[in-house]
Amino acid sequence: MTVRVRFAPSPTGYLHVGAARAALYNYLFARQKGGKFLLRIEDTDLARSTDESTRSILEGLAWLGLHPDEEVVFQSSNAGKHRSAAHKLLAEGRAYRDFTPKAEPNDANVKDSIKDRARAAQGVKDMRANPFRELSADESEKRAAAGEPFAIRLKVPKSGATEFDDGVFGRQRREYADTEDLVLLRSDGHPLYNLAVVCDDIEMGITDVIRGQDHLTNTHKQILIYEALGVPPPHFAHLPLILAPGGKKLSKRIHGEIVSLTTYRDAGFLAAAFRNFLALMGWSAGEEKEIYSLDELIEKFSLAGVHRSSAIFNYEPNNPKRWTDDKAIWMNAEYIRTMPLAELLPLVKEELRSAKLWREEYEPDGRALTETVPSTADAGPDERPAGVALDLPEHGSYDWFVYTIDLIRQRFFTLKDFSGQGRAYFSEDFDFDPAAVEKNLKKFPELQQWLPELADRFESVFGEEWYNDLGERVNHPFTETNIEEFVKAFTEEKGTKLGVMMNGARTLLTGVAVGPSMLSVFEVMGLEKTIRRLKSQVAWN
RNA sequence: GACCGGUUCGUCUAGGGGUUAGGACACCGCCCUUUCACGGCGGCAACACGGGUUCAAAUCCCGUACCGGUUACCA
């Protein structure tokens, strides 16, 4: 039988990282088994469901690359079928009308009041105590016909137990006595979750239900419904929950946008990196490997490798450096510095574009950024693209762009860094990090004279261009080797350390204190910008 | 309260009767270096507790503690 799994979120907010992980596991499972991955939006809670939420879920899944194989199912459009299933069970005597007046929902703290009520009952509640359970069919019909409102409840047998083998948690058993006569249909005619899920899963031909552990006890109720309906239940597998630091459930109300998938997209995470991180939250292939491509995840994934214990999603709200799980941040950085440039470049392009830093010259006709480009990070000056080593006019070209990105990506954590920390590479309008100015400039006041002087020297040595008859440049090109020799001599002349000069220059050129080798920075900025920025007094004021 | 689960470094985890309990992130130190959040080397750091079973328990059994889930005419 072909495997068919589904991800079934309710559209009552953004896509939660835990839900995203459930979607991912479903997807991996389906792909590995050659099955289908389906999406069903459980929008039966009219009061809380929103279209915006549905869009956000769809967006999030698309970002992660989890595309459903069939048309999206909206649960609300199946309400009629759910209703008739309930009535069928009623007609067969497997369910009954409950004329108990509906209790008023006590607002915000429903969960707490339920818990309190249960605690007060001391756990000795008789689940079969409903007086309408044994009401005669005639009487029941009569009252219904008279217009008295009623809910339909499943008639759970008095003795026995539901059992199933969970793909993660193993054999599960629950006495009927512990399961109430659950409501299938509300008195206003709306089907309830457990009925809707079962009906839809049957209708969609779901073979394996992989979902959060919070549904583990629901499963027993659902099996009861399958049995009443006379349909064999699918396989079930429940996933451990993702907790916040301190061991509490990761929730929107308490933990805010940290739990939303879109937060990560918007913060400059790579989908591949976050997917990789998510896959490892609660699953392991049992090997010492951390970086997995999607294909590898599909190949290696197994329910047996899913843990039974919940994982903690670590983060520190007030620490900008650790605003989310540090392993997630590390993994994103790892992807940024090691992934093929052809995959990274288009993402950087998008980032620069949205920061208004993108220039069409970086991707001229016939040179798509998606074409395979070898990393030049370890290449010597002679092996680099021509446009890089020769300063203008190639400066700002495709080759310059590719080389620059490859250079600066080594120390970046997110795509945002390309437009933030890396802004000075693409724009004249960049800020100076006060800490960098303090540490690298103000601490050495002489630099205010020296650096502009260095600029003048640069100009006289590298500025004029002479060419021979063949059109080859014969004077000093502004390249690492030449710059190094020159700056060293200049530093010696001033009687200071090379580091002082270099770091001062770094701050003026890039606005920050960290980055690649300063020689590369000079080269990549080009002579013109280097001179202008070394002379600028903006940072000094 | 009841039912169901869980508990290996701070975090993610490997290991499922005999291991110096392994890796990764984070952290610390050293090296490289013009800086650095790159890289290299090294370090710190864990089997919740108590009983059993066994020659031998992180690993199997029981109990306790703690944590989580569920206990709706929410999903």
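Below, chains carry the letters A, B, ... as their sequence lines are ordered, and counting in each starts from 1. On a predicted model such as this, the values are computed, not experimentally measured, just so you know.
Not counting sequence neighbours, the partners of Ala311(A) by the side chain to side chain contact (heavy atoms under 4.5 Å, CB included) test are Met281(A). For the side chain to side chain contact (heavy atoms under 4.5 Å, CB included) test, no residue two or more places apart in sequence or in another chain qualifies with Asp431(A). Among residues two or more places apart in sequence or in another chain, the side chain to side chain contact (heavy atoms under 4.5 Å, CB included) test is passed with Asn26(A) by Val5(A), Phe37(A), Ile210(A). Applying the side chain to side chain donor-acceptor pair (under 3.5 Å) rule to Gln421(A) yields no partners; only residues at least two apart in sequence or on another chain are considered. With sequence neighbours excluded, the residues forming a side chain to side chain contact (heavy atoms under 4.5 Å, CB included) with Lys249(A) are Asp214(A), listed by chain and number.
Rounded to a whole Å, the CG atom of Leu441(A) is 14 Å from the C1' atom of rU34(B). Rounded to an integer number of Å, the gap from CG of Leu185(A) to P of rC74(B) is 11 Å. rU11(B) atom C1' lies 13 Å from atom CE of Met331(A), rounded to whole Å. Rounded to an integer number of Å, the gap from Leu184(A) CG to rA75(B) P is 12 Å. Nucleotide rC12(B) holds its P atom 8 Å from the CG atom of Asp325(A), rounded to whole Å.
When heavy atoms are screened at a 4.0 angstrom cut-off, Lys439(A) is found touching the sugar-phosphate backbone but no base atom. Gln421(A) comes within contact range of at least one nucleobase, with a heavy-atom separation under 4.0 Å. As judged by a 4.0 angstrom heavy-atom cut-off over every strand, Pro516(A) is placed among the base-contacting residues. Across all strands, Pro101(A) comes closer than 4.0 Å to base atoms (heavy-atom distances). Nucleic acid contact class of Ile152(A) (heavy atoms, under 4.0 Å, all strands): none. Contacts of Gly247(A) with the nucleic acid, taken as non-hydrogen atoms under 4.0 Å apart, involve only primed sugar atoms and P, OP1 or OP2. Across all strands, Phe169(A) comes closer than 4.0 Å only to sugar-phosphate atoms, never to a base (heavy-atom distances). Nucleic acid contact class of Thr179(A) (heavy atoms, under 4.0 Å, all strands): none.
A gap of 12 Å separates the C1' atoms of rU59(B) and rU19(B), to the nearest Å. Rounded to a whole angstrom, the distance from the P atom of rA14(B) to that of rC3(B) is 30 Å. Taking atom P on both nucleotides, rC27(B) is separated from rA37(B) by 10 Å, rounded to a whole Å. Rounded to whole Å, the P atom of rG10(B) lies 30 Å from the corresponding atom of rA56(B). Straight-line distance between the P atoms of rA45(B) and rC9(B): roughly 14 Å, to the nearest whole Å. The gap from the P atom of rA57(B) to that of rC66(B) amounts to 28 Å, rounded to the nearest Å. Look at the C1' atom in both rG17(B) and rC61(B): the space between them is 13 Å, to the nearest Å. Rounded to a whole angstrom, the distance from the P atom of rC41(B) to that of rG23(B) is 12 Å.
Residues Phe478(A) and Phe458(A) place their aromatic rings such that the two centres sit under 6.0 Å apart. When ring centroids are compared, Tyr193(A) and His215(A) come within the 6.0 Å threshold. In this structure, Phe277(A) has its ring center no closer than 6.0 Å to that of Trp283(A).
Nucleotide rA57(B) is matched to nothing when pairs are restricted to Watson-Crick or G-U wobble geometry with both distances under 3.5 angstrom. Shown here, rU35(B) forms no base pair; nothing in the strands shown gives a Watson-Crick or G-U wobble contact with both key distances under 3.5 Å. rG42(B) and rC28(B) make up a base pair, with Watson-Crick or G-U wobble contacts both under 3.5 Å. Pairing partner, rG5(B): rC67(B), with both Watson-Crick or wobble hydrogen-bond distances short of 3.5 Å. rU20(B) is unpaired under the Watson-Crick or G-U wobble criterion, no partner having all donor-acceptor distances under 3.5 Å. Summarising the base pairing, rG50(B) is matched to rC62(B) through a Watson-Crick or G-U wobble pair whose two defining distances lie under 3.5 Å.
Using modelled atom types and a 3.5 Å distance limit, the side chains of His82(A) and Asp200(A) yield a donor-acceptor pair. For Asp43(A) and Ser76(A), the side-chain atoms include at least one donor-acceptor pair closer than 3.5 Å. Using modelled atom types and a 3.5 Å distance limit, the side chains of Glu446(A) and Thr496(A) yield no donor-acceptor pair.
Relative to the ring axis of Tyr96(A), Arg153(A) does not place its NZ or CZ within 45° and under 6.0 Å from the centre.
Closest to the side chain of Asn314(A), out of rC38(B), rU34(B), rU11(B), is rU11(B). Closest to the Ser517(A) side chain, of the nucleotides rU34(B), rA75(B), rU11(B), is rU34(B).
Positionally, the nearest nucleotide of RNA chain B for Gln172(A) lies more toward the 5' end than for the other of Gln172(A) and Val500(A).
Judged as a ring pair (Phe, Tyr, Trp, His ring centres under 6.0 Å), the pairs with a partner in residues 404-423 of chain A (not counting sequence neighbours) are, in order, Phe412(A)-Phe418(A). Residue pairs meeting the side-chain hydrogen bond (donor to acceptor under 3.5 Å, both in side chains) criterion with at least one partner in residues 156-165 of chain A, sequence neighbours excluded, are Glu163(A)-Arg171(A), Glu163(A)-Arg173(A), Asp165(A)-Arg171(A).
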Side-chain donor-acceptor distances from residues 12-20 of chain A under 3.5 Å, at least two apart:
| residue | atom | partner | partner atom | Å |
| --- | --- | --- | --- | --- |
| Tyr14(A) | OH | Gly256(A) | O | 3.2 |
| His16(A) | ND1 | Gly18(A) | N | 2.8 |
| His16(A) | NE2 | Leu250(A) | O | 2.8 |

Nucleic acid footprint by protein, nucleotides 43-49 of chain B - heavy-atom cut-off 4.0 Å, B for base, S for sugar-phosphate alone: -------
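Below 30°, between 30° and 60°, or above 60°: for Phe486(A) and Phe490(A) the angle between ring planes is below 30°, a parallel geometry.
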Are any protein N/O atoms closer than 3.5 Å to N/O atoms in nucleotides 26-28 of chain B? If there are, list each pair with its distance.
| residue | atom | partner | partner atom | Å |
| --- | --- | --- | --- | --- |
| rA26(B) | O2' | Arg322(A) | NH1 | 3.0 |
| rA26(B) | O2' | Arg322(A) | NH2 | 3.3 |

Below 3.5 Å between N/O atoms, which protein atoms pair up with nucleotides 70-72 of chain B? Just atom names and distances, please.
| residue | atom | partner | partner atom | Å |
| --- | --- | --- | --- | --- |
| rU70(B) | O4' | Thr217(A) | OG1 | 3.3 |
| rU70(B) | O2' | Thr217(A) | OG1 | 2.9 |

Pairs under 3.5 angstrom, nitrogen or oxygen only, protein versus nucleotides 13-20 of chain B, please.
| residue | atom | partner | partner atom | Å |
| --- | --- | --- | --- | --- |
| rU13(B) | OP1 | Gly282(A) | N | 2.5 |
| rU13(B) | OP1 | His307(A) | ND1 | 3.1 |
| rU13(B) | O3' | His307(A) | NE2 | 3.2 |
| rA14(B) | OP1 | His307(A) | NE2 | 3.1 |

side-chain hydrogen bond (donor to acceptor under 3.5 Å, both in side chains) assessment of Ser187(A) paired with Arg97(A): CA-CA 9 Å; Ser187(A) 48; Arg97(A) 293 189 184 87; over 6 Å; no
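Contact annotation: Arg308(A) does not reach the phosphate of rG5(B) (side-chain N/O to OP1 or OP2, under 4.0 Å).
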